[in-house]
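Throughout, protein chains are lettered first and strands after them, A, B, ... in sequence-line order, and every chain is numbered starting at 1.
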Amino acid sequence: MRLYNTLSGHTEEFTARDGEALMYVCGITPYSDSHLGHAMSYVIFDTLRRYLEYRGLKVKHVQNYTDIDDKLIARAGREGVPMDEVAERYIREFERDTAALNILPAHIYPRATQEIPAIIEMIEGLIEKGYAYPSQPRDGSSDVYYRVEKKADYGKLSKRSLDSMLSGARIEPLEGKENPMDFTLWKGAKPGEPSWDSPWGPGRPGWHIECSAMSLRHLGKQIDLHGGGLDLVFPHHENEIAQTEAYTGEAPFSRFWVHNGFLQMGEEKMSKSLGNLITMREAIDRFGPDGVRIFILGSSYRKPLTYSEEAMAAAKVAAERLRVAVTCEDGGTGDPVDGAPYKERFIAAMEDDLNTSAAIAVLFDLAREINRARDAGRAVGEAQSTMRELAGVLGLRLEAADESLAAAPFVDLLIELRKELREAKQYALADRIRTGLAELGIVLEDGAGGTSWKSA
RNA sequence: GGCGACGUGGCCAAGUGGUUAAGGCAGGGGUCUGCAAAACCCCCAUCGGCGGUUCGAAUCCGCCCGUCGCCUCCA
């Protein structure tokens with residue numbers, strides 16, 4: 001398939017070198033609720049992975065948890081509980097919500113705190129090769145910085161030069177750094193902070209080094225695809241490239257760099273620091289997993305996507321439309337609908353830099369064809385299974401949400417009662433049952449084969 | 001200040017040089033239905049503005065207007 005590569009700035013043919021695609025996706029820092037913006041990123045990379053697998057490629061997917069970080073420490077301090085307890089809580093939430101969104105679990109979820117030896121080893125190697133240096137010790141521990149000037153191609157991912165970075169007014173020169181852009185590989189411990197022993201005294205890893213160390217350890221020196229949100233391009237991914245390539249001496253660290261656009265909240269981006277967010281949980285509860293996925297996949301993964309209640313509600317209704325087409329009863333034995341042309345169009349769309357929007361449009365076209373054919377007494381079973389297969393590539397379940405509702409037997413009883421009333425032409429009473437159930441969130445539909453129901 | 005993205009119907013959103021500008025939602029009119037719902041049929045845009053290149057541009061170039069992101073933790 002064709003994929004846009006941030007590193008080259010072009011769309012290129014994506015292939016895996018050894019028949020198995022090695023894919024690393026930057027994970028979350030588990031210090032508070034995950035929001036719809038996170039859902040966007042992980043739904044997109046999940047869809048990419050599903051598509052690659054659908055096309056017969058094996059994928060090994062690693063996604064980290066940054067379970068040591070300033071905000072995590074601050075949160076734990078505020079709550080008066082250990083840091084790992086906070087991390088554990090939000091990791092569990094994240095896993096629950098991503099599972100609800102039908103996001104396939106990664107094969108390995110490394111955590112920074114469990115990779116300390118690998119991180120230290122890598123930092124030592126960088127110092128030996130002259131790419132890193134410790135600062136003057138204070139209170140028995142030092143920071144370690146990466147020397148950005150040592151490698152000539154620093155800035156190749158984000159397409160910036162060191163000069164242009166330095167001309168930006170935002171960088172504060174830090175005491176002990178040779179160059180203000182040098183970034184931290186190891187942070188010397190401050191009193192009361194969680195820390196690990198190291199050759200530079202007690203401390204903890206900087207943000208960027210963990211991903212390099214984990215990627216190296218779990219996937220090897222060179223990988224096929226590294227993904228994350230657009231905001232990670234600089235400095236995070238730029239720094240990962242610098243330190244990994246300096247350490248291994250092999251380039252490129254990752255052949256493809258894929259970044260998703262941001263979820264906008266009205267005029268601003270949705271982010272934890274701005275506090276303007278819809279949590280993953282809330283979005284799933286209100287619009288359903290398929291609704292959330294259709295909202296996200298309905299636009300291009302590289303463009304900014306703007307959240308609105310209206311758009312989310314539209315996506316929920318749209319998901320229902322697909323569900324009806326894929327679950328409706330067969331029309332009969334007439335001329336069967338051929339799903340093949342739709343499958344071809346779907347694949348062509350996905351091949352083109354993951355054009356999920358066009359792929360979804362194909363699903364809607366197929367849905368219309370199925371509905372039309374069913375009304376005409378034609379066989380639609382095969383077309384429905386094609387549709388189910390393609391929807392599955394987008395991670396859509398297209399299942400009714402109400403199958404195990406506790407009230408189901410009572411609803412069935414009321415439907416039976418209403419049927420008798422209708423047969424006796426007692427329409428006023430029959431309609432009272434229907435409107436009464438509607439107010440409780442149960443929608444009745446009278447079809448040729450009887451009355452069915454669903455929760456709204 | 002530096003780098004970048006975007007502006008398509010009421011809303012969301014594909015399309016990036018050439019038949020009638022995808023698809024979804026909403027709206028209007030029909031069919032079906034006891035009435036609804038669902039489904040089906042029909043209707044609903046010349047692509048921010050100006051100028052240029054071209055036989056031909058939403059699609060390429062220039063300028064302008066507007067919106068947003070990154071450069072600092074962030075999917």
Could you tell me how far apart [X] ([atom1]) and [N] ([atom2]) are, to the nearest whole angstrom?
| X | N | atom1 | atom2 | result |
| --- | --- | --- | --- | --- |
| A:Tyr301 | B:rA13 | OH | C1' | 17 Å |
| A:Lys419 | B:rA36 | NZ | P | 23 Å |
| A:Glu210 | B:rC73 | CD | P | 13 Å |
| A:Leu444 | B:rC35 | CG | C1' | 13 Å |
| A:Ile28 | B:rC73 | CD1 | P | 19 Å |
| A:Leu305 | B:rG69 | CG | P | 14 Å |
| A:Tyr342 | B:rG23 | OH | P | 11 Å |
| A:Met350 | B:rA14 | CE | P | 14 Å |

Taking atom [atom1] in both [N] and [M], compute the distance separating them and give it to the nearest angstrom.
| N | M | atom1 | answer |
| --- | --- | --- | --- |
| B:rC55 | B:rC42 | P | 39 Å |
| B:rC6 | B:rA14 | C1' | 15 Å |
| B:rG4 | B:rG23 | P | 35 Å |
| B:rG48 | B:rU16 | P | 15 Å |
| B:rA58 | B:rG15 | C1' | 9 Å |
| B:rU53 | B:rC60 | C1' | 8 Å |
| B:rC64 | B:rC25 | C1' | 34 Å |
| B:rG49 | B:rC65 | P | 15 Å |

Partners of [X] by side chain to side chain contact (heavy atoms under 4.5 Å, CB included), sequence neighbours excluded?
| X | value |
| --- | --- |
| A:Ile360 | A:Leu297, A:Phe364, A:Leu394 |
| A:Glu344 | none |
| A:Ala361 | none |
| A:Ala314 | none |

Watson-Crick or G-U wobble partner of [N], both distances under 3.5 Å:
| N | value |
| --- | --- |
| B:rA26 | none |
| B:rU31 | B:rA39 |
| B:rG66 | B:rC6 |
| B:rG56 | none |
| B:rG1 | B:rC71 |
| B:rU19 | none |

Which part of the nucleic acid, if any, lies within reach of [X] when heavy atoms closer than 4.0 Å are counted: base, sugar-phosphate only, or nothing?
| X | value |
| --- | --- |
| A:Phe45 | nothing |
| A:Gly27 | sugar-phosphate |
| A:Arg418 | base |
| A:Asp375 | sugar-phosphate |
| A:Ser452 | nothing |
| A:Ser299 | sugar-phosphate |

Taking N or O atoms only and anything under 3.5 Å, show me the protein contacts with nucleotides 24-33 of chain B, one pair per line.
from   : atom 1 : to       : atom 2 : distance (Å)
B:rG24 : OP1    : A:Arg368 : NH1    : 3.4

| Using a distance-only test with no angle check, is there a side-chain donor-acceptor pair under 3.5 angstrom linking A:Asp67 and A:Thr113? | yes

| field | Distance-only donor-acceptor check, side chains A:Ser357 and A:Asn355, under 3.5 Å | value | no

| Closest to the A:Glu445 side chain: B:rA14, B:rG2, B:rA38? |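 Selected nucleotide: B:rA38.
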
Could a donor-acceptor pair under 3.5 angstrom be found where the side chain of [X] meets the base of [N]?
| X | N | value |
| --- | --- | --- |
| A:Arg434 | B:rC35 | yes |
| A:Asn371 | B:rC41 | no |
| A:Ser357 | B:rA22 | yes |

| field | Note, A:Tyr307 side chain near A:His35 side chain (heavy atom, < 4.5 Å) | value |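 They are not in contact (no side-chain heavy atoms under 4.5 Å apart), so the answer is no.
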
| query | Are A:Ile28 and A:Tyr42 side-chain neighbours, meaning at least one heavy-atom pair lies under 4.5 Å? | reply |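 Yes, at least one pair of side-chain atoms sits under 4.5 Å.
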
| said: Tell me which pairs pass salt bridge (Lys or Arg N to Asp or Glu O under 4.0 Å) where either residue lies in residues 35-52 of chain A, with sequence neighbours left out. | reply: A:Asp46-A:Arg50, A:Asp46-A:Arg293, A:Arg49-A:Glu53

| Nearest nucleotide by nearest heavy atom, which residue falls closer to the 5' end of RNA chain B, A:His236 or A:Ser308? | A:Ser308

| task | Hey, which sits more toward the 5' end of RNA chain B by its nearest nucleotide, A:Ala430 or A:Arg374? | result | A:Ala430

| message | Looking at B:rG15, I'd like to know if its phosphate oxygens (OP1 or OP2) sit under 4.0 Å from a side-chain N or O belonging to A:Asn355. | response |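 It does, given that an N or O in the side chain of A:Asn355 lies less than 4.0 Å from OP1 or OP2 of B:rG15.
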
| query | Within the structure, does a side-chain N or O atom of A:Asn260 lie under 4.0 Å from either OP1 or OP2 of B:rA75? | reply | no

| said: Run the ring-ring contact (aromatic ring centres under 6.0 Å, His included) test on A:Tyr109 and A:Tyr65 for me, step by step, so that the C-alpha distance in whole Å, both residues' side-chain angles and the decisive distance to 0.1 Å come before the verdict. | reply: CA-CA 7 Å; A:Tyr109 285 103; A:Tyr65 288 118; 5.3 Å; yes

| Got a sec, which residues hit ring-ring contact (aromatic ring centres under 6.0 Å, His included) with A:Phe183, two or more places apart in sequence or on another chain? | A:Tyr146, A:His208

For nucleotides 4-6 of chain B, print each protein N/O atom paired with a nucleotide N/O atom at under 3.5 Å, atom names and distance only.
none

| Taking everything shown except A:Glu389 itself, do over 12 heavy atoms lie less than 6.0 Å from its CD? | yes

| Residue list, side-chain hydrogen bond (donor to acceptor under 3.5 Å, both in side chains) with A:Ser452, at least two apart or on another chain | none

